[in-house]
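Residues: numbered from 1 along the sequence shown.
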Amino acid sequence: MTIRVNRRAALGFGTVATAGTVLGAGTPASAAAMRPRAAATAAEAASWVAARYAQESARAGGNWKAYVTVANSSAAPLVAVADEADAQIEAYSVNKIAVATAVLDKVDRGLLTLAQQVDVTASIVVPGGDGIFSLDGAYPSSVTLGHALANLLTVSDDTAVRLCGLVCPAAELNQILVAKGFPNTQVQPVANPNRFFLGTSTPREAHNLLRALVAGTLLSTSSTAFLLGLLRSPVAFTDGIRREMSSAQRARIATKAGWFGSARHEAGVIFDSAGAAVLTYTLFADGQADAGNFGATHPAVQARARMGRSFLTAVDGLTGSGAIHRPAVRRPSNGG
């Protein structure tokens with residue numbers, strides 16, 4: 001069987017079992033990928049993931065760059081998707097994970113604390129930006145650094161980027177990321193040293209940063225738990241990978257989306273039921289139709305929602321690898 005894949009969707013089939021082996025010779029990939037099932041092996045899961053990515057990225061159109069791996073208990077992770085994985089592109093809010101990493105690195109070294117206060121002034125608020133701070137309407141105020149990071153990584157608050165810049169200027173932030181092995185994941189400095197655009201990354205490097213995070217080699221144990229707790233929380237992004245899932249399933253996924261102009265990006269980790277990482281994804285897309293639509297009906301966001309449901313099903317029977325990261329128990333409250 002031949003799966004038709006254009007240059008944009010150049011997948012890593014050479015590293016896993018062929019799609020024909022998984023889907024059955026003579027079975028059209030487009031039809032079979034609509035009926036995902038739990039895979040028996042990492043190789044089978046990787047091929048399911050590759051087929052679904054090819055189908056959904058082609059269906060959404062535009063430009064896609066991605067890197068997706070599936071944990072393999074006996075060896076290195078299997079590459080399911082490698083689509084222009086080393087292209088350096090504007091990462092937009094996906095790079096808020098990198099910003100938080102640099103700030104938490106300073107926390108780990110005793111230079112900052114999550115409890116310290118940062119000032120929210122009228123001049124620092126991004127007018128009309130995504131998030132909460134621009135909705136307050138009453139300044140100045142002050143919040144803890146932990147509160148700023150929580151808004152940065154859940155509701156993707158734009159003003160929270162500037163609050164992080166108060167304690168970790170652009171030049172220092174980039175130096176921290178280079179020292180940690182991420183020279184292509186860099187914010188873009190501006191005239192004000194405490195402000196920056198969110199800058200660039202590559203699919204592979206954004207993926208590797210997430211892998212280092214869950215492996216416990218990026219930050220301290222407490223900072224790792226704090227960052228993953230935000231990315232796995234119920235209030236974190238749910239329009240893409242996590243959309244067609246129960247609350248318990250969503251808690252198994254740490255994710256961060258980024259949207260600007262025509263770009264609709266998302267990167268994250270799927271954990272097994274015990275809390276070990278089983279699939280890591282970076283999905284960068286732009287150039288699709290409906291660029292002014294930042295909701296769940298955008299073609300690339302809909303594609304990621306279908307991918308997410310299939311990815312989770314494909315790895316549901318597999319065991320992840322590395323450290324265990326159990327989600328916090330979160331229940332709605334009725335006040336009181």
With distance as the sole test, does [X] use its side chain to make a donor-acceptor pair with the main-chain N or O of [Y] at under 3.5 Å?
X	Y	result
Ser93	Lys96	no
Arg242	Ala236	yes
Asn194	Val167	no
Arg264	Ala291	yes
Asn174	Val187	yes
Asp108	Leu219	no
Arg330	Pro234	no
Asp130	Ser156	no
Asp157	Thr159	yes
Glu266	Ile241	yes

Quiz item: Checking Arg232 against Phe271: charged group under 6.0 Å from the ring centre and within 45 degrees of the axis?
Solution: yes
Practice problem: Indicate yes or no: at least one non-hydrogen side-chain atom of Ile176 is less than 4.5 angstrom from one of Cys168. | Solution: yes
Quiz item: Do other residues, nucleotides or ligands put more than 12 heavy atoms under 6.0 Å from the CZ atom of Arg195?
Solution: yes
Quiz item: Any side-chain donor paired with an acceptor under 3.5 Å for Lys65 and Thr202?
Solution: no
Quiz item: Any luck finding a side-chain donor-acceptor pair between Tyr281 and Thr255 under 3.5 Å?
Solution: yes
Quiz item: Partners of Asn208 by side-chain contact (heavy atoms from CB on, under 4.5 Å), sequence neighbours excluded?
Solution: Phe182, Arg204
Quiz prompt | side-chain contact (heavy atoms from CB on, under 4.5 Å) partner of Phe133, the single match among Val143, Val155, Val126 | solution = Val143
